[in-house]
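We name chains A, B, ... by the order of the sequence lines, and we start the count at 1 in each one.
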Amino acid sequence: MRLSQLFGKTLRQPPAEAETASHRLLVQAGLVAQVAAGIYAFMPLAWKVLRRIEDIVRQEMDAAGGQEVHLPALHPLEMWQASGRDQTMKDVLFRLQDKRGREFVLGPTHEEVITELFRRFVRSYRDLPLLVYQIQTKFRDEPRPRGGLIRLREFTMKDLYSFDVDWEGLDVSYQKMFRAYQNVFRRCGVPTVPVLADAGAMGGRDTHEFIFPTDIGEDSCLFCPGCGYAANAEVATFQKAPAHADEQPRPMAEVHTPGVATIPALAEFLGVPTTRTCKAVFYTADDRPVLVAIRGDMEVNETKLRRALGAIDLRYMGEEEVARHGFVPGSASAVGLQGVTVVADDLVPRERNLVAGANRPDFHLLNVNYGRDWQADVVADIALAQGGHPCPQCGTPLEMRRGIEMGQIFKLGTYYSEKLGAVFLDRDGKQRPAVMGCYGIGIERLLAAVVEANHDDNGIVWPPELAPYQVHLVALSLDRGEVREAAEDLYRRLWETGIEALYDDREETPGVKFKDADLLGMPLRVTVSPRTLEQGAVELKPRRDAGTELVPISGAVEEVRRRLEGLSAGG
RNA sequence: CGGGGUGUAGCUCAGCCUGGUAGAGCACCUGGUUUGGGGCCAGGAGGUCGCCGGUUCAAAUCCGGCCACCCCGACCA
């Protein structure tokens, strides 16, 4: 490819809206262009990289026994009504009608369609296990697209669905995918860590997310340096030890606390640790008010809370709304309170003599004891694990890090197969629902992560296996006939040898060309100039190293090939 | 949807407070010069100042409404 002809130009200055390195570099390099919020166009170089990523994914899925299919993006609404996800996912569904008024959704994922196909074609346990995947565009009307390619509304996803006769079979499929995912991310040069995760709207049990640790990540995860425990903060647990369990319950007493409305203020006012307090946090769960009681030094984990309540919609209640319900923000507790569902973190009932709100402005209660003074409708672990909390397995203090979810693997079980009739006849002639798993990877997000993990101050540093071209051929002083001739000849011979080369044949100054070469990030730069030709040589420079080296022009193609092999093998 | 911010040339931004001819750098075109890290000179092209309405003799500028985009929170690959 000749740079003079390439569709897409590098920018001197990155666009103002780009905050993450990957977003900035991809836009500045002219690889991607935003069309609308969360909707991007991919220019030729980016498209080549995306296809290479897809190829890696495809190879690993095939190696694990997957069969690729192509599924529609338009789904009849009825399919989504059948699974119930027209409701549980309604906020992200793009919906439309055909001219007869029939309703469709733009597929945000494909469990419904694939399960329907299973129903039509699979009858017997002899057809199982079955691993089917697709690499296709998915549409989700995300509440907030962000971070360039990190969170899109239209994006490509590799989705594999596994169907097994039983849970043991699913375990095998799950493990295959687990390994395949590790292979994919390793080959793409993106370090990832598998962590325990929440199954969310997908239903199902075990699930792992593959997290790329980075400060720009949207997820928080907890890692144990002692035993390797790793979990998304949404589901992470920790050892909760009561601080005052050995005390005898004392008589409850009201105390005047003028202007004290927060836990830190309360603890300071009374001269007690925050572990002595019980915090009340209000939520609205599917339109009913909920009071959450949790020890004052902890935060509420909304994912756990939603799960404990079996709620679909959960939102934090603002102060005005709390007051509107007749509760007293800043001095609330479950003691003597009516008309609200009470959820207690499972640590609270084990504590004695806590300080809690009196449900009267400027008053709190001392020595509040669970069971004697109040009861909860639900007692569950709803505390948010944070850095420093003891590991649930070994007690070592956990470390919290942010990260981007690169992929997630789920054990779905029989949720969809039962709802949508994906059944087969087992060995005994008995009809059973297939035990399903699903396994997704966001392709554009992976591209963003590749750049995020492989760049320096000057630009992108493509891993060789993903680079759009292997060689960036730079010719300086093209007005000199001998340079043009040598460069053109080298360019032709590289391609004849099967080495993909990008050729900067533009009439630009050396500085411009070198800057662009660094920004665009091909693994090996080859420079031809009057200076090198004087010595009958060309200059080689691997993108990821600082040093340059002259090699004789006669053996240049061979040498380039050797270097590229070295770069790939070097990983 | 709540909170914060920004919309002026392809990109980065000034001008707005204090109303009166729309600007700079980079990019682009022409010519010249230069040639190992975004060089220099001269000339040129390019803008419904996000949209609608209001105030005014006059609106990029003041007022109102709307829209888009970005960032922080509730969702997810």
Any base atoms under 4.0 Å from [X], or only sugar-phosphate, or nothing? Heavy atoms, all strands.
X         : answer
Thr532(A) : base
Asp479(A) : base
Pro108(A) : nothing
Arg144(A) : base
Glu302(A) : sugar-phosphate
Leu152(A) : base
Arg306(A) : sugar-phosphate
Glu142(A) : base
Pro143(A) : base
Gly147(A) : sugar-phosphate
Arg315(A) : nothing
Asp159(A) : nothing

Proximity to the side chain of Asp219(A) - top-ranked nucleotide from A77(B), C75(B), C76(B): C76(B)
Given A77(B), C69(B), G73(B), the nucleotide with the shortest approach to the side chain of Arg445(A): A77(B)
Check: Thr156(A) and Leu50(A) side chains under 4.5 Å, non-hydrogen atoms: no
A74(B) pyrimidine/purine six-ring stacking with Tyr316(A), under 5.5 Å and 30°: no
Side-chain N or O of Arg151(A) closer than 4.0 Å to phosphate OP1/OP2 of C76(B): no
Presence of Gln13(A) side-chain N/O under 4.0 Å of C26(B) phosphate oxygens OP1/OP2: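 Indeed not, no polar side-chain atom of Gln13(A) lies that close.
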Arg531(A) (side chain) and G37(B) (base): donor-acceptor pair under 3.5 Å: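 Not at all, since no donor on one side and acceptor on the other fall under 3.5 Å apart.
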Taking [Y]'s backbone N and O only, do any of them form a donor-acceptor pair with [X]'s side chain (distance below 3.5 Å, no angle check)?
X         : Y         : value
His75(A)  : Pro72(A)  : yes
Arg445(A) : Glu405(A) : yes
Arg153(A) : Ala37(A)  : yes

Considering every strand shown, what is the Watson-Crick or G-U wobble mate of [N] when both distances are under 3.5 Å?
N      : answer
G37(B) : none
A24(B) : U12(B)
A74(B) : none
G47(B) : none
U56(B) : none
A68(B) : U6(B)

Whether Phe327(A) and His325(A) hold their rings parallel, tilted or perpendicular, with breakpoints at 30° and 60°: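 Rings of Phe327(A) and His325(A): parallel, under 30°.
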Mutual orientation of the aromatic rings belonging to Tyr283(A) and Tyr316(A) [parallel < 30°, tilted 30-60°, perpendicular > 60°]: perpendicular
Separation between the C1' atoms of C62(B) and C49(B), rounded to whole Å: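 Rounded to whole Å, the distance is 16 Å.
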Whole-Å P distance, A60(B) and U33(B):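 My reading of the P atoms in A60(B) and U33(B) gives 44 Å.
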Residue whose closest nucleotide on RNA chain B lies nearer the 5' end, Thr303(A) versus Ser529(A):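 Looking at the nearest nucleotide for each, Ser529(A) comes out on the 5' side.
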Closest-nucleotide 5' rank along RNA chain B - winner of Gly442(A) and Glu539(A): Glu539(A)
Spacing of Lys513(A) atom NZ relative to U34(B) atom P, expressed in whole Å: 17 Å
Between C1' of G36(B) and CG of Leu540(A), the distance in whole Å: 15 Å
